[in-house]
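Note that the coordinates shown come from a computational prediction; the quantities given were computed from them, not determined experimentally.
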Amino acid sequence: MHDFATLFQQLDDTTKTNVKQRALVDYFSRSSNTDIAWAIYFLLGNKLRPTISTKVLRQAAIGATNIPAWLFEETYQWVGDLAETISNIVPEGQGLSSGSLQDWVEQRLLPLAKNTELIQITVLQQLWLELNAQQRFVFNKLITGNFRVGVSEKLLVRALSDWSGIEKEVLAHRLMGPWIASSESLEALIDREKKHESISRPFPFCLAHSLPNNFQAELKASDFSAEWKWDGIRAQLIRRRGETFIWSRGEELLAGRFPEIEQAAQYLDDGTVLDGEILAWQDDRAMPFAQLQRRIQRKKVGAKLLQEVPVRFIAFDLLELSGQDYRAQQWSFRREKLQDAVDSFQSFSKDESRNVIQVATTLPATTWEELIAYRERAREIGAEGLMLKKCVGRYETGRVTGTWWKWKIQPLVVDAVLVYAQRGHGRRAALYTDYTFALWKDGKLVPFAKAYSGLSDDEIKKVDRWIRENIKNRFGPVHEVEPMLVMEIAFENVQKSTRHKSGVAVRFPRIVRWRQDKKPEEADQLESVLQMLNTR
């Protein structure tokens with residue numbers, strides 16, 4: 001635990017990627033395989049299950065400090081982070097524990113979660129005494145499942161490659177899917193003989209950058225192929241050794257959630273991997289994402305839902321065919337092979353499966369004027385905009401500039417009033433950065449969206465200061481404020497919703513600007529958002 005806490009401190013103290021990479025390589029070089037495996041587990045953002053409840057953590061901290069419960073809660077509300085609060089108020093330990101990360105997780109944390117609350121409280125207080133403040137902070141973060149540090153998966157892969165000598169592309173591929181923290185997993189990760197390759201493992205996804213503002217001057221439209229950008233679930237469809245696997249971009253195996261796609265995939269040639277988008281699809285049109293969410297939330301889908309929300313897999317890239325990796329080939333070549341693969345699938349598939357897997361439509365255009373015309377039609381067909389893919393580009397790992405561009409339509413915007421605020425997380429735990437906005441209806445403000453991003457650091461500090469001076473009521477961590485601040489809120493689309501008091505749900509809300517020139521009574525009516533329902 002000492003070495004892992006030291007690594008966390010080194011990573012947290014710098015923003016320089018080369019310094020972070022050296023710290024990671026140094027940790028890997030001096031740690032056991034199982035400790036490295038657990039470190040990878042946490043650095044990838046995984047959480048322990050089961051964990052200890054926050055109620056037990058609070059009681060253990062209050063008992064260890066002998067402070068009143070109300071004072072602990074006030075302190076926690078001010079700090080905004082439970083792990084940090086506990087690490088600061090619990091009496092300083094000796095920091096003498098020599099236990100490894102594996103020992104602390106497997107021998108102390110995981111067994112502790114299975115005990116009674118009384119035992120958990122007693123043992124936690126004892127464990128805290130073995131740790132200094134920094135170690136205790138990291139330990140508490142692991143307990144609460146909120147361990148975060150500024151290390152991207154790309155940086156982690158670079159460090160692992162530097163340490164192990166295995167190519168970055170190979171490591172990135174092997175890290176796809178669930179990571180099990182064990183010595184065996186690490187050995188398979190850095191295996192040079194490729195004995196442990198899994199038939200279910202997807203490839204790392206190629207991601208797009210937003211089109212730059214000066215794109216018409218810097219880029220040639222004829223160098224790219226255009227497709228519609230859909231609002232669905234990015235996924236890889238894998239058919240290997242007679243089995244089918246569907247992986248989301250979030251590296252979640254979607255087994256059983258889209259049975260019609262799994263059934264159709266049996267007609268794909270063995271050794272095929274398609275990249276594409278899962279969409280709710282009806283009457284030759286994409287349905288709203290809210291309908292697709294009904295399918296996402298069900299691990300087993302009933303006949304009624306299958307009929308109400310049919311889906312399609314819109315394939316836009318071919319990554320593997322007959323077991324051969326095609327990612328290094330040019331996009332135009334991959335696209336040709338993709339069409340051949342789906343044509344072959346459709347010739348062998350049965351009627352009910354033939355249309356479930358389709359090839360994305362390419363939009364013929366050689367000029368920016370033609371592409372602009374397509375983009376202006378996007379919302380009316382239910383798309384988010386355009387995807388532009390370099391015709392000679394390979395399928396990259398992660399987000400690489402110049403290969404794929406996303407060109408989204410202009411967002412919908414309204415002016416709304418800030419009505420609730422909550423402290424943020426991590427570095428923003430002491431600032432009010434999570435906001436709820438409302439619109440007018442019948443002379444009253446009705447909450448309609450939450451937004452967390454869009455303000456500059458300077459604006460965040462000013463808004464935070466204003467919030468502290470204008471709090472009306474407190475509901476736990478949520479504070480109601482005087483309805484005075486107006487901000488312009490952007491979002492991609494809007495859907496009817498029975499779950500929200502406003503009757504609508506908006507997609508990807510974010511702050512565009514602080515409208516200091518507007519009074520709260522000048523904010524928009526909820527009716528203006530309801531009218532946007534008809535713009536799709």
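Using a 3.5 Å distance cut-off with no hydrogens or angles, the side chains of Glu106 and Trp38 do pair a donor with an acceptor. Side-chain N/O atoms of Thr34 and Ser32 include no donor and acceptor closer than 3.5 Å. For the residue pair Arg158 / Gln21, a side-chain donor-acceptor distance below 3.5 Å is found, with atom types taken as modelled. Checked by atom type, the side-chain pair Glu480/Asn473 shows a donor-acceptor distance below 3.5 Å. A side-chain N or O of Tyr395 and one of Asp275 form a donor-acceptor pair less than 3.5 Å apart.
Applying the 6.0 Å contact sphere to NZ of Lys518 captures more than 12 heavy atoms from other residues, nucleotides or ligands. Within 6.0 Å of the CG atom in Asp517, the count of heavy atoms belonging to other residues, nucleotides or ligands exceeds 12. Few gaps surround NZ on Lys408; more than 12 heavy atoms of other groups in view lie less than 6.0 Å from it.
Relative to the six-membered ring of Phe203, Arg240 meets both conditions, a distance below 6.0 Å and an angle of at most 45° to the axis. Cation-pi geometry between Arg507 and Phe289 is met: the NZ or CZ atom falls under 6.0 Å from the ring centre, inside 45° of the normal.
When ring centroids are compared, Trp405 and Phe215 stay outside the 6.0 Å threshold. Annotation: Tyr432 is in aromatic contact with His479 [ring centroid separation under 6.0 Å]. Centroid-to-centroid, the aromatic rings of Phe139 and Phe147 stay 6.0 Å apart or farther. For Phe205 and Trp404, the gap between ring centers reaches or exceeds 6.0 Å.
Ion pair Glu384/Lys406 not flagged as a salt bridge, since none of the NZ, NE, NH1 or NH2 atoms sits closer than 4.0 Å to an Asp/Glu carboxylate oxygen. Looking at Lys55 and Glu117, a side-chain N of the basic residue comes within less than 4.0 Å of a carboxylate O on the acidic one, giving a salt bridge. The pair Lys462-Asp458 meets the salt-bridge criterion, since a charged nitrogen lies less than 4.0 angstrom from a carboxylate oxygen. Note on Arg30 versus Asp26: salt bridge recorded, some NZ/NE/NH1/NH2 to OD/OE distance being below 4.0 Å.
Counting only heavy atoms from C-beta outward, the side chains of Leu44 and Glu153 approach each other to under 4.5 Å. Using a 4.5 Å heavy-atom cutoff, the side chains of Pro202 and Phe245 are not in contact. By the 4.5 Å heavy-atom criterion applied to side chains, Ile246 and Gln236 are not counted as neighbours. Between Arg108 and Asp103 there is a side-chain heavy-atom pair separated by less than 4.5 Å. Between Pro411 and Phe491, every side-chain heavy-atom pair lies at or beyond the 4.5 Å cut-off. The shortest side-chain heavy-atom distance between Leu237 and Trp247 does not fall under the 4.5 Å cut-off. Under the 4.5 Å side-chain criterion, counting only non-hydrogen atoms from C-beta, Leu110 is in contact with Val105. Contact of the Trp466 side chain with the Val481 side chain is registered, since non-hydrogen atoms from C-beta on lie closer than 4.5 Å.
When the options Ile460, Thr433, Asp464 are evaluated for a side chain to side chain contact (heavy atoms under 4.5 Å, CB included) with Leu455, the one that passes is Ile460.
Here the side chain of Gln120 pairs a donor or acceptor atom with the backbone of Asn115 at under 3.5 angstrom. Between the Arg334 side chain and the Gln329 main chain, a donor and an acceptor come within less than 3.5 Å of each other. The backbone N or O of Arg257 lies less than 3.5 Å from a partner atom in the side chain of Arg295, making a donor-acceptor pair. Looking only at distances, no side-chain donor or acceptor of Arg515 sits under 3.5 Å from a matching main-chain atom of Glu488. Of the possible polar contacts, none joining the Ser161 side chain to the Val157 backbone as a donor-acceptor pair under 3.5 Å is found. In terms of modelled atom types and a separation under 3.5 Å, the side chain of Arg174 and the main chain of Asp191 share a donor-acceptor contact. Judged by distance alone, the side chain of Arg136 and the main-chain N or O of Val90 form a donor-acceptor pair under 3.5 Å. Ser87 places a side-chain N or O within 3.5 Å of a backbone atom of Glu84 that can act as its donor or acceptor partner. Here the side chain of Ser185 pairs a donor or acceptor atom with the backbone of Ile180 at under 3.5 angstrom. Under a 3.5 Å cut-off, the side chain of Thr14 and the backbone N or O of Leu11 do not form any donor-acceptor pair.
The minimum heavy-atom distance linking Ala451 with Phe437 is given by the pair CB-CE1, 3.9 Å. Closest of all the heavy-atom pairs between Ile233 and Ser248 is CG2-CB, 4.3 Å. Across all non-hydrogen atoms, the minimal contact from Phe28 to Ile36 is O-CD1, 3.3 Å. Pairing each heavy atom of Ala416 with each of Phe448, the nearest pair is CB-CE2, 3.7 Å. Taking every heavy atom of both residues into account, Ile511 and Ile489 meet most closely at CG1-CD1, 3.9 Å. Considering all non-hydrogen atoms of both residues, Val413 and Ala490 come closest at CG1-CB, 3.8 Å.
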Item to check | Steps toward side-chain contact (heavy atoms from CB on, under 4.5 Å) verdict (Thr403, Arg394) | outcome: CA-CA 8 Å; Thr403 303; Arg394 55 173 286 167; over 6 Å; no
Next on the checklist: I'd like to know whether Lys229 forms a side-chain contact (heavy atoms from CB on, under 4.5 Å) with Leu386, so could you lay out the CA-CA distance, the side-chain angles of the two residues, the decisive distance to 0.1 Å, and finally the verdict.
Outcome noted: CA-CA 5 Å; Lys229 184 185 187 307; Leu386 300 182; 5.7 Å; no
Item to check | Audit row: Leu82, Thr54, side-chain contact (heavy atoms from CB on, under 4.5 Å) steps and yes/no | outcome: CA-CA 8 Å; Leu82 184 60; Thr54 57; 3.8 Å; yes
Item to check | Derivation of the side-chain contact (heavy atoms from CB on, under 4.5 Å) call for Leu48 and Phe42 | outcome: CA-CA 9 Å; Leu48 293 175; Phe42 293 120; 3.9 Å; yes
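The structure places CD1 of Ile89 at 7.5 Å from CD1 of Ile62, a figure rounded to the nearest 0.5 Å. Expressed to the nearest 0.5 Å, how far NZ of Lys389 lies from SG of Cys206 amounts to 8.0 Å. Separating the CZ atom in Phe8 from the CG atom in Asp3 is a distance of 15.5 Å, to the nearest 0.5 Å. To the nearest 0.5 Å, atom CG of residue Leu118 and atom CD of residue Gln59 are 9.5 Å apart. The distance from the CG atom of Asp415 to the CZ atom of Arg513 is 7.0 Å, given to the nearest 0.5 Å. Interatomic distance, CG of Leu124 versus CD1 of Ile52, reported as 4.5 Å (0.5 Å rounding).
Classified by interplanar angle (parallel below 30°, tilted 30° to 60°, perpendicular above 60°), the ring pair Tyr420/Phe475 is perpendicular.
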